[in-house]
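Here is the structure we will look at.
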Amino acid sequence: MKVPDLEQASEILKHRFGYDSFRMNQEAVISCVLSGRDCVVLMPTGGGKSLCYQIPALILDGLTVVISPLIALMKDQVDALRSNGVEAAFLNSTQTAAEQVEIFRSIRSGSLKLLYVAPERLLQSEDKFIEFLRGINVSLFAVDEAHCISSWGHDFRPEYIQLGRLKTNFPQIPVIALTATADKLVRKDIVERLEIRYAEVFRSSFNRPNIFYAIEPKQNSYNKLLDFLEERKGESGIVYCLSRASVDSLADDLQAEGYAALPYHAGLDKAVRDRHQTAFLNDDAKIIVATIAFGMGIDKSNVRFVVHMDLPKNIESYYQETGRAGRDGLQSNSLLFFSWGDVQKLRSFAAVDGNPQQTEIMLRKLDQMATYGDLKTCRRKFLLEYFSEDFAGRCGHCDNCTTKFEYFDGTVVAQKALSAVYRTGQRFGMKYIIDFLRGSQAKSIREEHKQLKTYGIGGDIPRDDWFDHIKELIDLGLLKKSDGEYPVLQLTDASMDILRGNGKVELVRSKVTETKTGLVERESPPYIQELFEILRRLRANLAKSGNTPPYVVFADTSLIEMATYLPQNETEIKRVSGVGDLKFEKYGRAFLVEVQRYCASHSLNSRIHLKRRTRSKSPEKRGKSKVSTHHTSFSMFRNGMSISDIAAERNLGVSTIEGHLARFVESGEIHLDELVPVEKITAIQQAIQECDNPEGWLSPIKEMLGEDYTYGEIRAVLAAKNS
Ligand code: ADP
Ligand code: ZN
């Protein structure tokens with residue numbers, strides 16, 4: 001098997017982009033792309049998906065075409081690439097004919113390395129553009145935000161469906177699909193609809209350890225927001241609201257409080273919108289108050305907090321929006337104001353016209369969002385498990401992990417609730433039961449129910465507390481919620497014990513000790529604050545005169561490293577993260593001068609020796625340590641090697657390799673008949689059925705089948721059953 005030469009990739013990473021080492025799966029993905037295979041990359045927002053195709057684009061001979069749904073995103077990415085000396089351009093409807101002609105010319109001349117286009121542009125006007133691409137040397141197609149192709153996803157875009165034609169038109173050209181959605185069904189859709197069935201799938205952890213997740217009840221939320229902002233004066237953040245009207249009024253209010261806050265939503269003039277966005281990117285406006293129209297394609301790395309005043313529609317959106325905080329890896333906060341009223345409101349918006357199946361998906365996703373909002377356990381664990389990732393224990397870095405709950409004997413409270421459910425026949429939802437318990441006079445309460453003894457027995461407990469208690473009773477398994485659009489509360493086996501007076505129930509009283517709203521203990525910064533401010537001003541000036549956003553000059557992380565390690569010469573400053581060769585020439589010198597000047601006047605020396613040098617191992621070795629062992633077997637298998645060859649080459653047992661590959665049968669990336677001869681599959685399936693061993697032990701099945709069948713074959717069929 002040819003191991004692609006990754007030396008060049010590391011060179012480019014260091015000298016073009018100024019980074020020391022690859023993150024997550026970047027190196028494995030790049031290696032896969034360079035060897036000409038299709039791949040699917042699942043990485044959280046801020047994980048570093050772009051480099052996965054930008055680096056191959058620079059290594060491969062020819063043009064990389066990037067399909068991306070959003071015009072704003074294209075411009076930012078292209079600006080950032082150009083600042084690193086990469087020949088990149090985008091094509092879209094905002095450009096004049098003359099500008100477009102110029103771009104076509106640079107493509108033909110072969111000087112352009114990356115071209116960003118929207119899917120509709122790619123496939124419009126009778127495939128003229130496709131024809132054009134046929135005439136030039138295209139090396140790679142990158143499909144960004146690839147989840148838009150799936151109707152199971154939260155952001156389905158019909159124009160993406162057409163992208164299947166890429167593979168039919170250009171069967172030889174590799175496709176890399178990238179997304180921050182990890183849903184299994186979405187992944188399946190991506191692979192099928194892009195017709196990249198044999199694509200290698202790379203999944204990184206979705207954990208964003210530097211983000212602290214917190215939720216507050218949505219009462220008095222404006223004052224709570226002010227408290228939160230008070231702690232974060234001078235920091236940059238996004239505050240999301242559901243409606244344009246609330247965006248406008250909140251931005252006004254915050255301005256009146258003295259905050260540099262600006263509104264952003266689709267109802268504003270484009271010129272105003274652009275102005276506000278630029279002010280935010282340039283750190284002139286610290287806070288942007290926005291509808292979700294804002295943020296796609298915002299690559300501002302020093303966003304310190306994201307606040308949701310209203311509930312997002314689903315976990316995917318929430319995670320993507322909160323993920324805009326802390327891309328630079330520094331401590332950041334996410335705060336959401338949660339209420340059941342929001343859940344009700346969103347339910348009424350969830351319907352997708354004429355598509356009951358899609359409506360159902362949206363409702364289910366909303367339900368999960370609500371569960372998250374009301375969670376008493378670790379938020380990160382819930383989020384990661386939502387994205388099918390195991391997370392053992394508690395994270396210690398979310399509000400629930402840092403909150404101590406106080407419990408009280410809630411047996412009587414539980415008995416009241418359970419008997420209300422029982423007496424009304426287990427046919428009513430939470431809201432009705434609470435109204436019933438509180439003795440509401442509402443017309444909706446049935447006359448016959450008003451005659452019952454239990455009617456009104458919970459009048460002493462406030463409505464909101466009842467919601468909490470009933471949710472907890474559900475979590476404790478003492479009540480259950482039926483499925484369907486109008487879920488009703490029902491009793492469980494365990495509830496009868498409590499009703500009969502056997503057993504106690506502990507309920508949560510309230511949060512007592514709590515770290516203040518998502519506030520993370522701040523350590524004093526390891527860098528020299530004063531120097532950091534000087535460098536920040538220099539950055540602002542350079543950005544203004546170059547007409548680029550400050551983060552394109554250098555990210556906060558780079559400035560912080562400069563103010564920490566105090567580099568004194570070219571070699572030293574190039575060890576700072578984000579300082580590549582071109583950026584050094586363009587901006588780095590000016591920063592070096594400032595650092596030198598500061599150090600001279602304060603008698604300080606370089607501290608660069610304190611920066612850990614990331615050891616550069618041989619690329620081959622590094623590849624191995626990053627790629628999991630079963631992925632290595634899978635790659636070799638995809639390269640046409642037999643199982644026994646792989647075992648010999650890797651010095652592992654045949655059954656080990658079979659085990660590795662079985663995982664990919666389960667995930668659908670290997671078809672069962674690639675591992676097991678078709679004529680054997682039915683016999684094995686029958687044996688599995690006859691054996692009836694729910695633990696899935698292999699040996700009884702093997703015994704039944706005899707010598708001609710291997711453990712590996714049985715394991716593969718079992719895996720296919722689970723897929
Ligand atoms: P995504 O598209 O996955 O949301 P990006 O590709 O925009 O993420 O990358 C997020 C940030 O991380 C960018 O500022 C990018 O330059 C930076 N980044 C990417 N890869 C690395 C790396 N290997 N080392 C340091 N920073 C990186
Ligand atoms: Zn936690």
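First listed ligand is number 1; within each ligand, the first listed atom is number 1. In what follows, residues are counted from 1 in the order of the sequence shown.
The nearest heavy-atom contact from the protein to atom 20 (N) of ligand 1 is Gln26 NE2, 2.9 Å. Counting only heavy atoms of the protein, atom 14 (O) of ligand 1 lies nearest to Asp299 OD1, 4.1 Å. Among all protein heavy atoms, the one lying closest to atom 7 (O) of ligand 1 is Arg327 NH1, 3.2 Å. Ranking protein heavy atoms by distance to atom 8 (O) of ligand 1, first place goes to Gly48 N, 3.2 Å. In terms of protein heavy atoms, atom 12 (O) of ligand 1 is closest to Arg23 NH1, 3.2 Å. In this structure, the protein non-hydrogen atom closest to atom 10 (C) of ligand 1 is Gly46 O, 3.6 Å.
Residue Asp556 is tested with Arg327, Lys300, Arg539 for a side-chain contact (heavy atoms from CB on, under 4.5 Å); the sole match is Arg539.
Counting heavy atoms from C-beta on, the side chains of Cys52 and Met43 come closer than 4.5 Å. Contact of the Met74 side chain with the Asn92 side chain is registered, since non-hydrogen atoms from C-beta on lie closer than 4.5 Å.
The environment of NZ in Lys313 is sparse: at most 12 heavy-atom neighbours from other residues, nucleotides or ligands sit within 6.0 Å.
Rounded to 10°, the angle formed at the Zn ion (ligand 2) by Cys398 SG and Cys395 SG is 110°.
Counting heavy atoms only, Tyr19 comes closest to atom 24 (N) of ligand 1 of the residues Phe22, Tyr551, Tyr19.
For the ligand labelled ligand 1, residue Gly47 lies inside the 4.0 Å heavy-atom shell. Residue-ligand proximity: Ser21 is placed with a non-hydrogen atom under 4.0 Å from ligand 1.
No hydrogens or angles considered: a donor-acceptor pair under 3.5 Å links the side chains of Glu572 and Ser606. Glu316 and Tyr386 are linked by a side-chain donor-acceptor pair at a separation below 3.5 angstrom, with hydrogens and angles left out of the test.
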Practice task
Might you work through the side chain to side chain donor-acceptor pair (under 3.5 Å) test for Asn314 and Ser317, ending with a clear yes or no?
Solution key: CA-CA 6 Å; Asn314 47 54; Ser317 308; 2.6 Å; yes

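Less than 6.0 angstrom separates the ring centroid of Tyr240 from the ring centroid of His308.
At a heavy-atom cutoff of 4.0 Å, ligand 1 is contacted by both the backbone and the side chain of Ser50. Only the backbone of Pro44 comes within contact range of ligand 1, with a heavy atom under 4.0 Å; no side-chain atom does. If you look at Met43 next to ligand 1, there are no close heavy atoms at all, none under 4.0 Å.
Within the 2.8 Å limit, Cys401 places at least one N, O or S atom next to the Zn ion (ligand 2).
Relative ring orientation between Tyr318 and Tyr213 is described as tilted, the plane-to-plane angle lying within the 30° to 60° band.
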